[in-house]
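By convention here, the first residue in the shown sequence is residue 1.
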Amino acid sequence: MARPLLSRMHRFVEFINSGNETIGAEVVSESASFHVPFSENPLKGISGYMQILGMMRSAYPDIQWTLDDTVIEDDRAVAQFTMRGTHQGEFFGVPATGKKIQARAMNIYRFADGMIIEETGLPDLFGIMLQIGAVKAPGA
C-alpha cells in the first residue's frame with residue numbers, strides 16, 4: 001500500500017505546485033474535506049483546495065512546496081513539506097513585504113481508492129508571520 005500512496009502524494013505535490021485542477025482531480029476526491037487553521041469548517045473538494053491555493057498564491061505568487069518526508073500506514077499518510085515563496089501580496093492582513101519565506105508544514109492525509117479524502121493541514125503560520133515581520137521574535 002505504501003508505494004501507491006507515495007506515488008499519489010508526489011502527484012498531489014505536482015497539483016499544489018502547478019494549481020492545475022486537472023491534476024488535482026486525479027488525486028483529490030470531490031467529497032474530500034480539508035481542515036485548515038483559518039476556517040472553522042472544512043473546505044470541500046477540488047474547489048475547496050483551490051481556495052487554499054488561491055489564498056496562498058495571492059500572497060506568495062511564486063510559492064512552491066517540497067515533499068521532504070512521508071510516513072504511510074494503511075490508508076493514511078503524514079507528510080512534511082517545506083514551503084518557499086516571496087511575500088508579494090497581503091497575508092492575514094499583513095501587506096506585501098517582498099521578503100522571502102521558508103516554512104514547514106506537517107499535514108495528515110486519509111485516502112480511499114487512491115484519492116485524498118481528508119487533509120488536516122498544519123502549516124507553520126507563526127514562522128511565516130515572523131519572517132514577514134508581522135510578529136517580533138522574543139528578545140528582538
Euclidean distance, [Y] [atom2] relative to [X] [atom1], rounded to 0.5 Å:
X: Glu21; Y: Phe15; atom1: CD; atom2: CZ; result: 7.0 Å
X: Ile52; Y: Leu43; atom1: CD1; atom2: CG; result: 5.0 Å
X: Arg8; Y: Ile116; atom1: CZ; atom2: CD1; result: 8.5 Å
X: Gln131; Y: Thr97; atom1: CD; atom2: OG1; result: 10.0 Å
X: Met106; Y: Gln80; atom1: CE; atom2: CD; result: 5.0 Å
X: Asp69; Y: Thr82; atom1: CG; atom2: OG1; result: 10.5 Å

Intermediate values then yes/no, side chain to side chain contact (heavy atoms under 4.5 Å, CB included), Leu122 and Arg104: CA-CA 9 Å; Leu122 305 166; Arg104 298 283 220 183; over 6 Å; no
Verify same cluster id: Phe111, Val71 (apolar side-chain graph, 4.5 Å): no
In one Ile/Leu/Val/Met/Phe/Trp/Tyr side-chain cluster, 4.5 Å: Val27, Ile117: no
Side chain to side chain contact (heavy atoms under 4.5 Å, CB included) assessment of Glu73 paired with Arg76: CA-CA 5 Å; Glu73 186 173 306; Arg76 294 186 183 274; 5.6 Å; no
Please confirm whether the backbone N or O of [Y] pairs with a side-chain atom of [X], one donor and one acceptor, at under 3.5 Å?
X: Ser7; Y: Arg3; result: no
X: Ser39; Y: Asn41; result: yes
X: Asp62; Y: Thr86; result: yes

Side chain to side chain contact (heavy atoms under 4.5 Å, CB included) assessment of Gln64 paired with Met83: CA-CA 6 Å; Gln64 292 289 286; Met83 303 176 285; over 6 Å; no
Pairing residues for His10 by the side chain to side chain donor-acceptor pair (under 3.5 Å) criterion, not counting sequence neighbours: none
Show the atom names and distances, to 0.1 Å, of all donor-acceptor pairs under 3.5 Å that link a side chain in residues 28-36 to residues at least two apart or in another chain.
from, atom 1, to, atom 2, distance (Å)
Ser29, OG, Ser31, N, 3.2
Ser29, OG, Ser31, OG, 3.0
Ser33, OG, Lys44, NZ, 2.7
His35, NE2, Glu118, OE2, 2.9

Neighbour count above 12 (heavy atom, 6.0 Å) for Asp113 CG: no
Output field: ring centroids Phe12/Tyr49 closer than 6.0 Å: yes
Donor + acceptor pair across side chains of Tyr109, Asn107 (<3.5 Å): yes
